Amino acid sequence: MRIKTCVRGLTLSAFAIVTLLSTPAAAPVEAAPMFRDGEPTAAACRAYGYNINDRGENDYRSRMSGGVVGMAPPSPYPPPPPPPPPPMAMPQVSNEATAPTMDARRAAPSSPPMISGLPYSQPPQQPLDTERYPNATSNPIRRVADEPVSTFSIDVDTAAYSNVRRFINDGQRPPRDAVRVEELINYFDYGYARPESRREPFRIYTAVAPSPWSDGRQIIHIGVQGYDLPRTQQPPLNLVFLIDTSGSMYSADKLPLAIKALNVLIDRLRPQDHVSIVAYAGSAGAVLAPTSGRDRLRMRCALGALQAGGSTAGGQGLALAYSLAQQNFQAGAVNRVILMTDGDFNVGVADPSRLKDFVAEKRSSGIYLSVYGFGRGNYNDVMMQTLAQNGNGVAGYIDSLEEARKAFRDDFTASLFPIADDVKIQVEFNPAFVSEYRLIGYET
């Protein structure tokens, strides 16, 4: 058996941190703090132009119809204005008991406007449980004499594991198509030996063990460990948080959890990193202009000003997020859109196949897309897979604050800093020793 890694466009970039010292003076001048951070209280956020309550978060129950509130002016770097949204007729919410039924009462757009050359689709009426998963069949058995080489693109998505865990914790059996074997296996850290320098970008680990479900067969485990960039050598980040603030994100395991997750990521930012925020519900809008990692408090206030309400104009939000990322594109940096959603796109570009083309076209600009799913009942795993795979990013599912810490704290480097593009694995079997094989997982 021979294992080959095919890599195009190795992307290892370095940067330097420059410390600015105060000019000499007769009296010592106190240096400015490295970071402006703290609790996003109502008073602190008011200074930035964001209106939140005293708990540092919105009251999601009493203000359902506003979509995004307390947005600071996007100057000094406003993005290009998005196309006009379709007219919406929002229902009036009389009290807390009626708020969760808003999704079933969304109004459809009266005419099909265009966004980036792609027409809007009408939002269909959905039953209570509309979760969608790829309909994938298991990989077939192949004869080595006919096909000795197995080639596949590797990714380390972990969405299936945490999503399956959510079903089990709820006392339910997960849908068959929700179980993607490679994502359950890739969820864990196996402690592979890491390459010691950039000259060895990958190190391969192999093991062979008897199959537990088929006598006379064996399972080959192949692990590929990439070089871990030291923190002092990690390139700057140019991130756009694209946040679904539609009515379907109302529950505590959706938008409120997404805000907590992004606050974990903010903890990891450095002065040279920059973050923008786009929210979408019915129409898309810029919530935060590009902001340095020094001003974490401004980012937390922008997140705290979000609330759920309205339809889901996901296509329009994607277009605006990519536009903002391109406007602030940095050569040699990590330019990435991070989408937080339940995947329930019901206004605008909603067809996964058309979104696939849109995202695939955008990735050629050097801007990648990572997708993190939330919630239950209307979770659209098909959309998540389509966007992440064609956006050269990762797909994750956040079911708890602990999972958010794993994704954005423990796995921060692996999730955001790529060391290579378009990595594929080729495994070549020797017909003198192996008669047939089957690839486990990677059906999608």
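Throughout, residue positions are numbered sequentially from 1 according to the sequence presented. Note that the structure is predicted; figures quoted are calculated from it, not measured.
Using a 4.5 Å heavy-atom cutoff, the side chains of I338 and L242 are not in contact. Between V337 and L324 there is no side-chain heavy-atom pair separated by less than 4.5 Å. By the 4.5 Å heavy-atom criterion applied to side chains, D411 and K406 are counted as neighbours. The closest side-chain heavy-atom distance from L303 to N263 is below 4.5 Å. Annotation: side chain of V334 is in contact with side chain of F417 (closest heavy-atom distance under 4.5 Å). In this structure, the side chains of D228 and T413 come closer than 4.5 Å at one or more pairs of heavy atoms. Between E183 and T158 there is no side-chain heavy-atom pair separated by less than 4.5 Å. The shortest distance between side-chain heavy atoms of Y133 and P174 does not fall below 4.5 Å.
S292 places no side-chain N or O within donor-acceptor distance of the main-chain N or O of D295, the cut-off being under 3.5 Å. Listed for the R296 side chain is a donor-acceptor partner under 3.5 Å among the backbone atoms of L269. For the pair D157 (side chain) and A159 (backbone), a donor-acceptor distance under 3.5 Å is absent. Within the 3.5 Å criterion, the main-chain N or O of L369 finds no donor-acceptor partner in the side chain of N392. Judged purely by atom type and a 3.5 angstrom limit, T291 uses its side chain to pair as donor or acceptor with the backbone of A289. A side-chain donor-acceptor contact under 3.5 Å links S364 to the backbone of E361.
Using a 4.0 Å cut-off between charged side-chain N and carboxylate O, R438 and E147 make no salt bridge. Salt bridge absent: D410 and R405 never bring a charged side-chain N and a carboxylate O closer than 4.0 Å. Looking at R217 and E436, a side-chain N of the basic residue comes within less than 4.0 Å of a carboxylate O on the acidic one, giving a salt bridge. One finds no salt bridge joining R132 and D381 here, because no Lys/Arg side-chain nitrogen approaches an Asp/Glu carboxylate oxygen to under 4.0 Å. Taking 4.0 Å as the cut-off between side-chain N and carboxylate O, D37 and R300 count as a salt-bridged pair. Using a 4.0 Å cut-off between charged side-chain N and carboxylate O, R409 and D267 make no salt bridge. A salt bridge links D170 with R376: at least one charged nitrogen is closer than 4.0 Å to a carboxylate oxygen.
Between T341 and M384, the closest heavy-atom pair is O-CE, 3.1 Å. Nearest approach of D244 to Y280, heavy atoms of both residues: CB-OH, 3.3 Å. Counting all heavy atoms, side chain and backbone alike, P431 lies closest to F429 at CD-O, 3.4 Å. Nearest heavy atoms, E200 versus Y227: O-CB, 4.3 Å. For P235 against G332, the heavy-atom pair with the smallest separation is CB-O, 3.2 Å. Contact record, L237 with Q330: O-NE2, 4.3 Å, taken as the closest heavy-atom pair.
Atom CE of residue M340 and atom CZ of residue F241 lie 8.0 Å apart, to the nearest 0.5 angstrom. For the atom pair CD1 of I398 and NZ of K254, the computed distance is 15.0 Å after rounding to the nearest 0.5 Å. In this structure, CD on Q385 lies 4.0 Å from OG1 on T444, to the nearest 0.5 angstrom. Distance check: E443 CD to N135 CG gives 11.5 Å after rounding to the nearest 0.5 Å. Distance check, rounded to the nearest 0.5 Å: CG of L320 to OG of S276 gives 10.0 Å. One distance of note links CZ of F374 with OG of S251; it measures 11.0 Å at 0.5 Å rounding.
The ring of Y372 has its center closer than 6.0 angstrom to the ring center of F408.
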Run the numbers on I243 and I277 for side chain to side chain contact (heavy atoms under 4.5 Å, CB included), then give the verdict. CA-CA 8 Å; I243 306 171; I277 299 178; 3.8 Å; yes
Run the numbers on N238 and N328 for side-chain hydrogen bond (donor to acceptor under 3.5 Å, both in side chains), then give the verdict. CA-CA 7 Å; N238 170 31; N328 302 282; 5.3 Å; no
Chi angles and distances behind the side chain to side chain contact (heavy atoms under 4.5 Å, CB included) call for L387, L339: CA-CA 9 Å; L387 294 177; L339 171 61; 3.6 Å; yes
Go through Y379 and Y397 one step at a time and tell me if the ring-ring contact (aromatic ring centres under 6.0 Å, His included) criterion holds. CA-CA 10 Å; Y379 175 63; Y397 179 85; 5.0 Å; yes
Take K362 and N390, measure what side-chain hydrogen bond (donor to acceptor under 3.5 Å, both in side chains) needs, and give me the verdict at the end. CA-CA 9 Å; K362 294 298 183 180; N390 290 277; over 6 Å; no
Begin with the C-alpha distance, continue with both residues' side-chain angles, and end with the deciding distance and a verdict on side chain to side chain contact (heavy atoms under 4.5 Å, CB included) for D399 and D253. CA-CA 7 Å; D399 63 335; D253 60 347; over 6 Å; no
Under the side-chain hydrogen bond (donor to acceptor under 3.5 Å, both in side chains) rule, what do N163 and R166 come out as? Steps first, then yes or no, please. CA-CA 5 Å; N163 188 37; R166 181 255 299 185; 2.7 Å; yes
Under the side chain to side chain contact (heavy atoms under 4.5 Å, CB included) criterion, do R298 and L288 qualify, and how do the steps go? CA-CA 8 Å; R298 184 188 295 270; L288 179 71; 3.7 Å; yes
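Annotation: F188, atom CZ; neighbour count of heavy atoms from other residues, nucleotides and ligands within 6.0 Å is above 12. The number of heavy atoms from other shown groups lying within 6.0 Å of CG (D215) does not exceed 12. The neighbour count for Q172 CD, taken as heavy atoms of other residues, nucleotides or ligands under 6.0 Å away, is above 12.
A side-chain N or O of S370 and one of R336 form a donor-acceptor pair less than 3.5 Å apart. Inspection of the D342 and S248 side chains reveals an N or O donor paired with an N or O acceptor under 3.5 Å.
Classified by interplanar angle (parallel below 30°, tilted 30° to 60°, perpendicular above 60°), the ring pair Y187/Y161 is parallel.
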